[in-house]
Amino acid sequence: MMQQATDTAGAEAQSDFDLLIIGGGVNGAGIARDAAGRGYSVCLCEAGDFGGGTSSASTKLLHGGLRYLEYFELRLVREALIERENLLVAMPHISWPMRFVLPCHDDMRFDSDTPTSRLLSVVMPWMKGRRPNWLIRLGLFLYDNLGGRRILPPTRTLDLSSDKAGKPLKPDFRKAFEYSDGWVEDSRLVILNLRDAQRLGAEINPHNRVTRANFADGRWTVTLSDTEHGAVRTITASMIINASGPWVDDVLKSVFGQNDAHNVRLVRGSHIVVPRKYDHDRCYFFQNADGRIIFAIPFQDDYTLIGTTDADHPGMNVRPEITDGETAYLCRMASEYFEEPVRAEDIVWTYSGVRPLYDDGASSAQSATRDYVVRRDPKLGHGTLINIFGGKITTFRRLSESVVEEVEHTLGKRGKAWTCKAPLPGGDFPVDGYDDLVGKTANLFPFVEKSVIARLVRFYGTDVDQVLAGCESLADLGQDFGHGLYEAELRYLIECEWARNAQDALFRRTKLGIRMSDDEVAAVEAFMARHLGKIRD
């Protein structure tokens with residue numbers, strides 16, 4: 001049965017909840033799912049589209065953070081490595097294993113701020129600033145074993161003069177290490193958590209801004225403003241979770257009156273997408289002479305994703321966009337490795353996001369901690385306001401558990417922790433079962449091109465039969481918008497995944513917008529407006 005993505009406009013809505021969650025990124029979505037599954041009544045509000053900020057602008061990697069070992073963040077890396085494999089099991093449609101090729105060369109350097117660099121400079125002063133091969137191999141040994149790796153293969157050494165991975169690189173690179181991490185469709189991860197939260201009873205509200213919250217007589221009274229329809233609504237809640245990501249301090253100021261709030265460091269990460277640079281499915285990990293790293297990753301079959309940068313961002317009143325300097329940096333750094341240079345004129349798409357890193361006073365953006373902090377506010381609501389600072393996509397589920405554990409201390413325990421390895425919608429098939437599911441789906445819908453089936457299974461997993469429900473011929477798919485996008489899928493995105501416009505559908509729920517012309521995007525926009533109008537009428 002198709003699960004409808006409902007909202008509260010024009011309906012008799014619940015007004016009293018255990019939890020109000022502010023923010024519809026991956027942390028807010030994960031908390032809503034976990035809490036609803038334990039029996040708490042949950043209301044989640046997002047001022048814009050779900051995953052519209054940081055959670056759709058990541059490097060799309062499900063990883064432990066190899067370079068965090070240089071900062072001795074062993075707990076964070078271990079937790080992330082454990083979560084990496086848990087998530088690969090829970091969502092084999094939107095995440096999958098990936099091998100990373102790390103070319104070695106004599107110019108590899110540390111960021112001078114790292115504890116490892118400082119320690120090496122004292123113990124081996126002749127190595128000052130250098131990142132030697134033996135140290136990288138030691139780090140990869142820890143990376144292989146710190147999290148109890150079960151699914152993924154271990155590190156190995158490559159001869160780039162004979163291995164296929166060496167072909168697109170300059171001939172100077174003759175040796176590399178190859179290790180394991182994973183890929184994740186980040187914005188789809190948000191949507192699938194929200195769909196599951198709604199299935200479990202949570203009320204999910206896109207385009208609803210929290211404008212005011214007052215605490216009295218043991219409860220919060222909260223005003224919500226519907227940014228689409230203009231309606232204003234009041235609810236009450238026992239606790240509030242501020243999971244608004246880069247807006248966390250802004251929410252503390254505007255909603256709770258904490259004008260001196262300063263808890264996060266806003267760091268912009270920018271990426272470029274170019275036509276595919278090589279013909280294998282591995283990712284490159286490039287170490288640069290300035291101590292920083294970038295990735296080059298296969299993307300949407302025909303492209304290569306290159307990123308990311310680390311630059312302090314002035315504030316969320318400034319739209320995060322790639323600068324000319326960041327573009328030049330990414331092109332230059334990738335060209336240090338690729339035989340065929342990466343040029344600005346090759347770029348087909350760029351995106352930038354702001355990471356809300358917990359402000360630990362680090363001297364540079366790249367050295368700021370990637371760990372998360374879950375903190376009860378000591379001033380407001382007698383500890384019933386919990387703020388989330390920092391975090392990374394790989395550890396969102398564990399962060400969510402930590403938050404719900406805090407909720408239990410106040411509201412009492414309602415149910416056991418349950419989300420570890422629990423399949424997300426569409427993910428109820430084996431971690432190595434993607435190809436079999438594609439074949440099975442192609443047999444059920446032989447009139448759909450195999451390449452389209454493969455993409456649909458990647459996005460929707462076993463729920464692909466809901467996307468194509470009632471379709472018995474190509475004509476049943478409806479209007480063809482190009483590049484394998486049909487009316488049936490757009491209807492599903494509108495009715496079941498809260499998509500409201502072409503940007504939602506083409507750049508967050510899918511990435512088909514990269515391929516589309518302006519006229520094709522306009523046709524999608526027009527169809528969605530008509531279909532939404534029919535639903536609301």
Side-chain angles (χ1 to χ4, degrees), residues 25-27 29-30 33-34 54-55 58-102 136 139-156 177-190 192-193 269 281-285 293 295 297-299 305 307-308 355 369-372 390-402 417-424 426-434 458 461:
V26 70
N27 288 337
R33 178 190 184 224
D34 191 326
T54 307
S55 295
S58 76
T59 313
K60 328 295 183 191
L61 297 182
L62 199 61
H63 67 122
L66 177 61
R67 71 186 182 95
Y68 304 157
L69 291 174
E70 295 181 358
Y71 294 90
F72 299 160
E73 296 206 50
L74 298 182
R75 186 210 59 78
L76 172 63
V77 175
R78 173 175 164 77
E79 183 176 280
L81 290 172
I82 293 170
E83 284 301 288
R84 179 187 65 182
E85 297 216 355
N86 290 337
L87 294 175
L88 286 171
V89 170
M91 50 187 196
H93 47 335
I94 63 166
S95 67
W96 54 90
M98 183 176 282
R99 294 292 279 175
F100 287 67
V101 177
L102 195 164
I136 295 171
L140 287 168
F141 174 81
L142 290 173
Y143 203 66
D144 277 346
N145 294 283
L146 198 58
R149 176 181 47 81
R150 301 177 305 280
I151 298 171
L152 301 173
T155 297
R156 64 179 184 135
F177 298 120
E178 182 184 278
Y179 69 96
S180 291
D181 260 327
W183 172 268
V184 60
E185 296 287 354
D186 53 3
S187 50
R188 292 213 55 75
L189 176 61
V190 176
L192 296 184
N193 272 274
D281 60 0
R282 286 174 281 182
C283 167
Y284 289 101
F285 179 121
I293 62 105
F295 295 99
I297 313 169
F299 187 63
L305 171 65
T308 181
R355 307 182 195 98
T369 182
R370 265 56 176 177
D371 209 347
Y372 59 82
K392 59 197 297 284
I393 200 165
T394 312
T395 53
F396 87 92
R397 190 203 66 83
R398 185 65 193 93
L399 180 152
S400 300
E401 280 191 338
S402 298
W418 66 278
T419 58
C420 184
K421 298 182 184 178
L424 284 165
D428 51 338
F429 64 96
V431 68
D432 59 352
Y434 168 77
R458 269 293 176 223

Heavy-atom check, side chain of [X] versus side chain of [Y], under 4.5 Å:
{"X": "M98", "Y": "D181", "value": "no"}
{"X": "K60", "Y": "I297", "value": "no"}
{"X": "L87", "Y": "L189", "value": "no"}

Assess the pair F285 and F295: is the distance between their ring centroids shorter than 6.0 Å?
yes

Closest non-hydrogen atom pair, [X] against [Y]:
{"X": "E85", "Y": "I151", "result": "OE1-N, 2.9 Å"}
{"X": "N193", "Y": "G30", "result": "OD1-CA, 3.8 Å"}
{"X": "L152", "Y": "S180", "result": "CB-CB, 3.6 Å"}
{"X": "V184", "Y": "L62", "result": "CG1-N, 4.2 Å"}

Could you tell me which residues satisfy side chain to side chain donor-acceptor pair (under 3.5 Å) with [X], sequence neighbours excluded, listed by chain and number?
{"X": "S400", "answer": "none"}
{"X": "D144", "answer": "T155"}
{"X": "W183", "answer": "E185"}

Looking at Y143, is R84 sitting on its ring face, NZ or CZ under 6.0 Å from the six-membered ring centre and within 45 degrees of the normal?
yes

Go through the side-chain N and O atoms of Y68 and D371 and say whether any donor and acceptor fall under 3.5 Å apart.
no

